[in-house]
Amino acid sequence: MKNIDTMHEYNISNSLSKDLNEAQIDAVKQIDGPLLVLAGAGTGKTKVLTYRIANILMSGVFPSQILAVTFTNKAAKEMSNRVVSLVGERSEGLWLGTFHSIGSRILRRHAEAVGLKSNFTIIDTSDQLRLIKQIFSDHKIDEKRWDPKKQLHIINTWKDRGLTPDKVTANDIIDFAGGKSLEIYEDYQSRLRTLNAADFGDLLLHNITIFNDNPEILADYQRKFQYILVDEYQDTNVGQYLWLRLLAQKNKNICCVGDDDQSIYGWRGAEVGNILRFERDFPGANVVRLERNYRSTSHILSAASNLISKNSDRLGKTLWTEDNEGDPIKLLLTWDDKEEAKQIAEEIEALQQIKRHSLNNMAILVRASFQTRAFEECFMNRGIPYKVIGGLRFYERMEIKDIISYIRVTAQPDDSLALERIINTPKRGIGPTTLQSIYETSRLYGISMFESIKLMLSEDSFKPKIAKTLSDLIKDFVRWGELVKDMTVAEFTETIAKESGYISMWKQDSSLEAQGRLDNIKELFHALEEFETIEEFLEHVSLISDIDNLNQDNMVSIMTLHAAKGLEFDTVFLPGWEEGTFPHQRSIDESAKTGLEEERRLAYVGITRARKNLYILSAANRRIYGQYQSSIPSRFIEELPQENIEKINLNNGFNFPAPSSNFEDGANYSPKPSPYAPTKKTTSFSKSGKTSPEGFSVGTKVSHTKFGNGIVLNFSGDQLEIAFEGMGIKKVIDRYVKAV
DNA sequence: TATTGTGTTATTTTT
DNA sequence: TAACACAATA
């Protein structure tokens, strides 16, 4: 142990001067006092952060005294890996995570201080919306006249700005829902408390409330976190800023890394102002600029710099590189979105076959997610493997959410939102009328739906058939609750999914997507094997956005520009550079100059993702809402320096679709090879036959991760009855045991 | 209560 | 286009 440490120590001090440039060393070395690192794209931001953490650790600070926050799980994971590779085990105990995960961790410790229990549920957007709709109906507010989504947006905005209902002033109130928007916010918060739930915004907002109301708790954390590091500081909103300021107030050892030119979350409440006024907030702050770019060729870098220089609201940096000039940016004007996809597909094929480029190093970055569709269709036909990142997220799929809801209710019967979701899935004959009566009872007595049902059953207020159904369901949940003790999370979930009839519901479904849904469910069971407890899993599920694509398969990545932040690729395609699409119309309509500048930053982010090859495309016609609309090339194209771009004329050598195809669907200019499904999440599982699928029979000696060794006594289907040494007889699904 | 049909409406970006 | 809400029917 000691030896390892000394070895790392040696490595660190050695690497500092070897691996880092001067500015980077500056940023890593001065660990005390406030520091702002302005890190341009590709200037080694993550490197600085990780070396800095290593350096702080080497100065004798305990890992648990360091707080490092990021925005995405991806970034947190990346940082954690890199710190481990620098200092090994010495980083254990570091508080490194997203704002939300850290906020949640702190909130669980002090939940009572804001009227929650520490096992509160974290609800997502759809739950939020459902809640708002309920409150609207209580207040007799017409959903047609007032869009519940708008109300949700208002509440989220208040939360982003660190405003609890009591802090909302007349100035902050937007006239909505007949002047009731604040009242609804109050109701919403109190409903959340009854449900023992918190939304994303609450994770930090409650922290702030706790810190403000309980100076001794705040003091504890201030003492604890000697050093604070913040990634992507340009994207912090007011709430996050307040949270950081509270924590950093005492020691003032806060290091924020960011790039005002990459601030692209203004719509989510991010305040570039936070970065612009850092020096004022933390007097005596040092500022280090990282301006040497290690990523892109000079053609790419120059184009990006010139484009972003059109923005007025910026601190200003001059990025430079010693990299060679490289190829100019290729600009392609196409007839329509289909042609655009086809051009990219052909270029990808050429790069792959002629230049032997790997698909992993290519990405298509779009402005809005609907644009991914044209590429999916085209690539599917041609057999180009691709993955859409962040498209429909795994945990947001209906079947996954349904099963998670079953788990939620089992773990926490009072989770009414989850119960409401699955009370009639599969169909049990519980319709809106019954639901309404339950809901009324729970409002009347201020109890959960689960409790209401129990109460109403005892009072005999249901029709016999419904009473039977509900009482069975309640009994099921109670019984499943008992199972937790004896089973792994995966087994437990699988049992519930089967016994509730949820699996058979999809098995009986003859529709096309049913099999895919079953596959997803299988994948969920698989993913669950990593977790020790239900609570652990539920926490993970609420905070992670996508199932981790650990697969290093050779695929082209397709994602939004927002999702691409922090990533880099050899080859990047930027399609859809048309007025209205990019810059997006709404962005300009809603926030004029600010909006346009944010769009330009988005373009800057896109361009700077590319290491070597960059393609920008613009289509003259695009299908929007199923109708073709013509548009003109994006103004951003004109803002690129001529000397960095090469215009490619498609009319030579390519078949150019005739305008007549405009309103028809039929016209298809590319040959159609046999359909090929490259990327759908289809982990194939053997379909369970009549015998134990894994081939176990009575007498087989097996081992199980939780119960140890045992012997098979009996089985039916894939359910094994096993006598475990010292554990007694358990029912286990055969996939979870191994023959020994 | 479940199913089917019709009309409306939205597509920015996400932890 | 496609998802969704709502009304009309079985």
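Within every chain, numbering begins at 1; the chains are lettered A, B, ... in the order of the sequence lines, protein sequences first and strands thereafter.
A distance cut-off of 5.5 Å between ring centres, combined with a plane angle under 30°, leaves A:Phe99 outside any stacking arrangement with the base of B:dT15. The aromatic ring of A:Trp267 is stacked on the base of B:dT13, with the two ring centres less than 5.5 Å apart and the planes inclined by under 30°.
Looking at the side chain of A:Arg586, the nearest of the listed nucleotides B:dT15, B:dT11, B:dT13 is B:dT11. Comparing C:dT1, C:dA5, B:dT1 against the side chain of A:Tyr625 picks out C:dT1 as the nearest. Ranking B:dT3, B:dT13, B:dT1 by closeness to the A:Thr434 side chain, first place goes to B:dT1. Relative to the side chain of A:Phe370, the nucleotides C:dA5, B:dT11, B:dT1 differ in distance, and B:dT11 lies closest. For A:Lys427, the listed nucleotide lying nearest its side chain is B:dA2; candidates were C:dC6, B:dA2, C:dT1.
The phosphate of B:dT1 has neither OP1 nor OP2 within less than 4.0 Å of any side-chain N or O from A:Asn424. Between A:Ser369 and B:dT11, a side-chain N or O to OP1/OP2 separation shorter than 4.0 Å is absent. Look at A:Thr125 and you won't find any side-chain N or O under 4.0 angstrom from OP1 or OP2 of B:dT14. Remark: A:Lys565 is not in phosphate contact with B:dT15, judged by side-chain N or O atoms under 4.0 Å from OP1 or OP2.
When the nearest nucleotides of DNA chain B are assigned to A:Arg268 and A:Lys149 by heavy-atom distance, the more 5′-ward of the two goes with A:Lys149.
Ring planes of A:Tyr615 and A:Phe573: parallel class, angle under 30° (limits at 30 and 60°).
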